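Keep in mind that this is a model prediction, so the values were computed, not measured. Hydrogens, waters and symmetry mates are skipped; everything else that's a heavy atom, side chains included, is used. Order of listing sets the numbers, starting from 1, for every ligand and every atom in it.
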Amino acid sequence: MTSKIFVEKFGGASVNSAKAVENVKHILQLSNKKRIVVISAMGKTTNALEEVVNLWYKEKKLSPKLEEIALYHTQLLKQLFPKKEQFANVSNILNNIIEEIKTQLNNINSNDYNFLYDSIVSFGEKISTSIISNYLNFEGVKNKLLFACDIIRTDNNYRNATVLWEETKNNVATKILPLISSYDTIIIQGFIGGTKEGLSTTLGREGSDYSASILAHCVKAESLTIWKDVPGLLNADPKRIKQTTKIISLPYREAIELSYYGASIIHPKTIKPLENINIPLFIKSFIHPEEKGSVICNQEEIKPKVTNYIFKDNQILLSISPKDFSFIDERNMALVYNVLAKNNIKVNLMQNSAISFSVCFDENVNILPKVLEDLKTDFNVKYNTNLQLITLRHYNQEAMEDILKDKTLLIEQKNRTTVQYLVEK
Ligand code: ASP
Ligand code: MG
């Protein structure tokens, strides 16, 4: 009989200092169970590694950020391992990884930015998990460190790799399950995978939630817990709305809808693999681990049923009308959509009238000129920038009136559950 397995995920903010790593140990010690612990890179390491990649790609220069990354982790190690000998062991591992990064930078001949990115940025998680696994073993939380590039099999679509499920399930069955009976805790990196040739890939920024969900699916976990610096799911970002409410429980479908509209609670791909085999997802505070948090699971109702607010800044609105005075018909819409698809644009809102078609999407200074160029043969295009898209799910009259105060409304769209406003701030 296979025993119950739990998956837990710790993000960058939960492992950003020696104190934070100690706290991870305390949380793991709160209960005794078989688990897979998925960990992100420490603090802002991924951003720093991105800078290393960018400078190398542009100018073949080694960014001082690499030295900063080494220093940051060394400081942390000093606090985690106050005794010289233990420190020396783990610091050796760290130094080897830093050297490996330099070797790879020098050896990669490819001009493929995404390939370079995945080879280098994936080291953030390799560093964090090596440190934490060693620390936990040293502190008596016996664990086995595994490498996600050997387990999560993906295609070679670097920076946004697609998971190959059958191979991944097979790897989990042959490489994780046999170990979990002797090691109660398996430590593994989030965010990264590997091709069948053994090359590192990444699953997209903030992808560790998704990694945890993939592993939970493959081992048919009892639950997935994501440890966060907030008390659970809130109905709005507290930086935007004064009074927020904690959602106690949320149906999977609702979580998918919220992340579709831009709520940044969890990586959008996280829910599906869980929903398919009914694994509950707990979101809990690593600061107050004894508190209940929120759960996303198979149920009908949101509890409590409050309005959810989602804000998206830096929106751009294109108003497109055909140059030949024709109406906005299917042929014209297809032309516009082709241009948007070609430029990888995700439309957040659209509206059309007889002679004009409006689309709203995230502003991106690199892409806008290309889109305008591609549209200019057939269309006149006007645009507004720096707009905000506000989505209210399960709206009520009061919430709608309140949110529009002091704002100029450009577009409104409403159905039974959701209202969206595109506004000038
Ligand atoms: N470290 C990666 C990132 O910051 C993955 C993650 O944190 O989920 O994007
Ligand atoms: Mg991160």
Sub-3.5 Å N/O-N/O distance, G207 and ligand 1: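 By distance alone, the answer is yes.
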Return yes or no for this condition: an N or O of E206 is under 3.5 Å from an N or O of ligand 1.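 Such a contact does occur with ligand 1.
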Cation-pi between K84 and F87: NZ/CZ under 6.0 Å from ring centre and within 45° of the ring axis?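 So K84 doesn't make the cation-pi contact.
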Charged tip of K142 within 45° of Y183 ring normal and under 6.0 Å: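 Judged by the rule, K142 and Y183 form a cation-pi pair.
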Atoms of ligand 1 less than 4.0 Å from [X] heavy atoms?
| X | result |
| --- | --- |
| T46 | 1 (N), 2 (C), 3 (C), 4 (O) |
| S208 | 5 (C), 6 (C), 7 (O), 8 (O) |
| R205 | 3 (C), 4 (O), 9 (O) |

Evaluate whether atom NZ of K169 has more than 12 neighbouring non-hydrogen atoms of other residues, nucleotides or ligands under 6.0 angstrom away.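 Correct, the count exceeds 12.
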Heavy-atom distances under 4.0 Å decide this one: backbone, side chain, both or neither, for E125 against ligand 1?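 The answer is the side chain of E125.
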Does S40 approach ligand 1 within less than 4.0 angstrom via side chain, backbone, both or neither, non-hydrogen atoms only?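 It is the side chain that touches ligand 1; the backbone stays farther off.
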Considering all heavy atoms, the nearest Y210-P273 contact: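 Scanning both residues, the minimum pair turns out to be CE1-CG, 4.2 Å.
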Presence of salt bridge, R393 and E254, under 4.0 angstrom: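 Yes.
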For the pair E275 and K272, find out whether any cationic side-chain nitrogen is under 4.0 Å from an anionic carboxylate oxygen.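 Yes, this pair counts.
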